[in-house]
Participant: 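Once you've had a glance at the structure underneath, I'll fire off some questions.
Note that the coordinates shown come from a computational prediction; the quantities given were computed from them, not determined experimentally.
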Amino acid sequence: MRVATFNVNSINSRTGALLQWLDETRPDVACLQELKAPQEKFPEAAVREAGYHAVWHGQKSWNGVAMLVREEHGEPQEVKRGLAGDPTDEQSRYIEAIVNGVLVAGLYLPNGNPAPGPKFDYKLAWMERLHARTQAMIDSGVPAVVCGDFNVIPTALDAYKAERWVDDALFRPETRAAWERLLAQGWCDSLRATHPDQVIYTFFDYMRDAYKRNAGLRIDHLLLSPSLAPHLKAAGVDHEVRGREKPSDHAPTWVEFDWPVK
DNA sequence: ATGCCTAATGCAATTAGA
């Protein structure tokens with residue numbers, strides 16, 4: 001089973017690129033972030049025509065997450081929309097569904113800049129709320145994949161010129177510490193687990209030809225639960241997608257594991 | 001320290017991204 005995450009940076013500006021990538025790679029599940037579209041403006045018909053069921057949580061202008069599931073797996077059973085812990089939070093950043101017996105969570109973690117400040121406080125609070133949800137998954141023992149745009153640079157290996165990022169919300173000590181506490185629950189960072197020492201980026205700024213210079217960040221992640229981690233087969237980045245016409249600033253990132261377990 | 005680029009909103013310039 002292959003699960004992918006792709007921050008599309010506007011679903012309606014990226015429908016063509018999304019469909020091409022789906023056609024080429026046919027992931028079982030694709031979690032999308034930054035739809036930048038209200039609920040009613042999601043290209044449901046095009047996605048269905050491509051052979052995918054979809055659940056999504058839109059929002060006007062910003063944020064927005066979706067989960068696409070290849071139709072042979074049946075309709076995803078949506079179990080969560082939005083992250084518990086703050087009833088005043090109206091940002092569409094989290095969706096969770098059961099697919100083929102696996103719990104899949106797709107998230108768009110707040111950027112948090114400028115830091116320090118209220119946006120950074122919101123990011124850290126959001127990570128605390130995520131910890132509560134992911135700990136519950138661990139406690140239940142359910143096979144789970146938690147993936148998305150985390151807006152977290154885990155280590156200096158994960159940023160071009162990391163020294164420039166030390167005061168940024170994506171790399172500040174508080175952010176990295178929250179990431180480490182998440183992993184300490186038992187989650188496997190699948191891309192790093194399969195490429196322990198390699199420089200791998202999932203995001204390249206539109207500015208200053210960052211993609212051509214390989215001046216990127218690794219901020220899109222796919223975490224496997226302890227029950228799935230032993231069945232990890234491969235993980236990677238569909239790097240070339242970032243180099244196409246009118247691309248998102250993120251590249252699709254994916255993990256593959258044996259499922260059902262033989 | 002700021003703009004470099006891209007997108008949404010809505011029609012000019014601002015907000016946001018990372």
Participant: Could you state the OH-P distance from Tyr206(A) to dC5(B), rounded to the nearest angstrom?
Facilitator: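 Roughly 13 Å, once rounded to whole Å.
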Participant: Any N or O donor-acceptor pair under 3.5 Å from the base of dA18(B) to the side chain of Asp205(A)?
Facilitator: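 Side chain to base: no pair present.
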Participant: If each of Lys246(A) and Pro110(A) is mapped to the nucleotide of DNA chain B with the nearest heavy atom, which maps nearer the 5' terminus, i.e. the 5' end?
Facilitator: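 With Lys246(A) and Pro110(A) compared, the 5'-side residue is Lys246(A).
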Participant: Side-chain contact test, heavy atoms from C-beta onward, threshold under 4.5 Å: evaluate it for Asp89(A) versus Arg129(A) and give yes or no.
Facilitator: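 Asp89(A) reaches Arg129(A) side chain to side chain.
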Participant: Counting only side-chain N and O atoms of His250(A), is one of them less than 4.0 Å from OP1 or OP2 of dG17(B)?
Facilitator: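 The answer is no; no side-chain N or O of His250(A) sits under 4.0 Å from OP1 or OP2.
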Participant: Just say parallel, tilted or perpendicular for the rings of Phe42(A) and Trp56(A), cut-offs at 30° and 60°.
Facilitator: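 Ring orientation of Phe42(A) relative to Trp56(A): parallel.
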Participant: Please state how far atom CD1 in Ile11(A) lies from atom P in dA7(B), giving the value in whole angstrom units.
Facilitator: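 One finds 13 Å between P of dA7(B) and CD1 of Ile11(A), rounded.
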Participant: Any base atoms under 4.0 Å from Asp220(A), or only sugar-phosphate, or nothing? Heavy atoms, all strands.
Facilitator: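 Asp220(A): no heavy atom of the nucleic acid under 4.0 Å.
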Participant: Would you please indicate yes or no on a ring centroid separation below 6.0 angstrom for His250(A) and Tyr201(A)?
Facilitator: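 Distance test on ring centres: not under 6.0 Å, no.
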Participant: Could you give the CZ-to-C1' distance, from Arg164(A) to dA1(B), as a whole number of Å?
Facilitator: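 Checked: the CZ to C1' distance equals 14 Å.
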Participant: Between dC4(B), dA7(B), dG17(B), which nucleotide has the shortest distance from any of its atoms to the side chain of Ser10(A)?
Facilitator: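 That would be dA7(B).
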Participant: Could you check how far CG of Asn63(A) sits from C1' of dA18(B), rounded to whole Å?
Facilitator: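 Computing the Asn63(A):CG to dA18(B):C1' distance gives 14 Å.
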Participant: Indicate, with a heavy-atom threshold strictly under 4.0 Å, whether Ile153(A) touches base, sugar-phosphate, or nothing.
Facilitator: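 Counting heavy atoms under 4.0 Å across all strands, no contact is made by Ile153(A).
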Participant: Name the nucleic acid region contacted by Lys41(A), choosing base, sugar-phosphate or nothing; use a 4.0 angstrom heavy-atom cut-off, strictly under.
Facilitator: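 If one applies the 4.0 Å heavy-atom cut-off, Lys41(A) turns out to touch nothing in the nucleic acid.
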Participant: Using the ring of Phe120(A) (Phe, Tyr or Trp, six-membered ring only), decide whether Arg172(A) places NZ or CZ under 6.0 Å from its centre and within 45 degrees of its axis.
Facilitator: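 So Arg172(A) does make the cation-pi contact.
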Participant: For the side chain of Lys119(A), counting heavy atoms from C-beta on, which of dG17(B), dA7(B), dA18(B) is nearest?
Facilitator: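 The answer is dG17(B).
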Participant: What's Asn12(A) touching, base or sugar-phosphate or nothing? Going by heavy atoms closer than 4.0 Å.
Facilitator: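 Answer is nothing: Asn12(A) stays at 4.0 Å or more from every strand.
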Participant: Would Tyr94(A) and His57(A) count as a close aromatic pair, with their ring centres under 6.0 Å?
Facilitator: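 Centroid distance Tyr94(A)-His57(A): not below 6.0 Å, so no.
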Participant: Which whole-number value in Å describes the distance from Leu109(A) CG to dA18(B) C1'?
Facilitator: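 So the CG-C1' distance, Leu109(A) to dA18(B), works out to 13 Å.
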Participant: Any base atoms under 4.0 Å from Tyr108(A), or only sugar-phosphate, or nothing? Heavy atoms, all strands.
Facilitator: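 Result for Tyr108(A) = sugar-phosphate.
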Participant: Quick one: label Asn151(A) by what it contacts on the DNA or RNA (base, sugar-phosphate, nothing), any heavy atom closer than 4.0 Å.
Facilitator: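 The answer is sugar-phosphate, as Asn151(A) gets under 4.0 Å only of primed atoms, P, OP1 or OP2.
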Participant: Could you check whether Arg14(A) gets within reach of a base, just the sugar-phosphate, or nothing at all, counting any heavy atom under 4.0 Å?
Facilitator: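 Sugar-phosphate contact only - Arg14(A) comes under 4.0 Å of backbone atoms but never of a base.
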Participant: Rounding to an integer number of Å, can you tell me how far Asn7(A) CG sits from dA7(B) P?
Facilitator: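 Checked: the CG to P distance equals 12 Å.
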Participant: Send over the distance from Lys123(A) NZ to dA16(B) C1', rounded to a whole Å.
Facilitator: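 Spelled out: NZ on Lys123(A) to C1' on dA16(B) is 14 Å.
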Participant: What does the B/S/- profile of nucleotides 9-14 of chain B look like, 5' to 3', with a 4.0 Å heavy-atom cutoff to protein?
Facilitator: S-----
Participant: Determine whether Val146(A) and Val102(A) fall in the same hydrophobic cluster, where Ile, Leu, Val, Met, Phe, Trp and Tyr are linked whenever their side-chain heavy atoms lie under 4.5 Å apart.
Facilitator: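 In one cluster: no.
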Participant: So, for Gln33(A) and Leu107(A), which heavy atoms are closest and what is the spacing to 0.1 Å?
Facilitator: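 Minimum heavy-atom separation between Gln33(A) and Leu107(A): CG-O, 3.3 Å.
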Participant: What integer distance in Å separates Arg208(A):CZ from dT2(B):P?
Facilitator: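 One finds 14 Å between P of dT2(B) and CZ of Arg208(A), rounded.
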Participant: Using 4.0 Å as the upper bound for N to carboxylate O, is an ion pair formed by Glu96(A) and Arg133(A)?
Facilitator: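 A salt bridge is present here (some side-chain N lies under 4.0 Å from a carboxylate O).
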Participant: Less than 4.0 angstrom between a side-chain N/O of Asn9(A) and OP1 or OP2 of dA7(B), yes or no?
Facilitator: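 Asn9(A) to dA7(B) OP1/OP2: no side-chain N or O under 4.0 Å.
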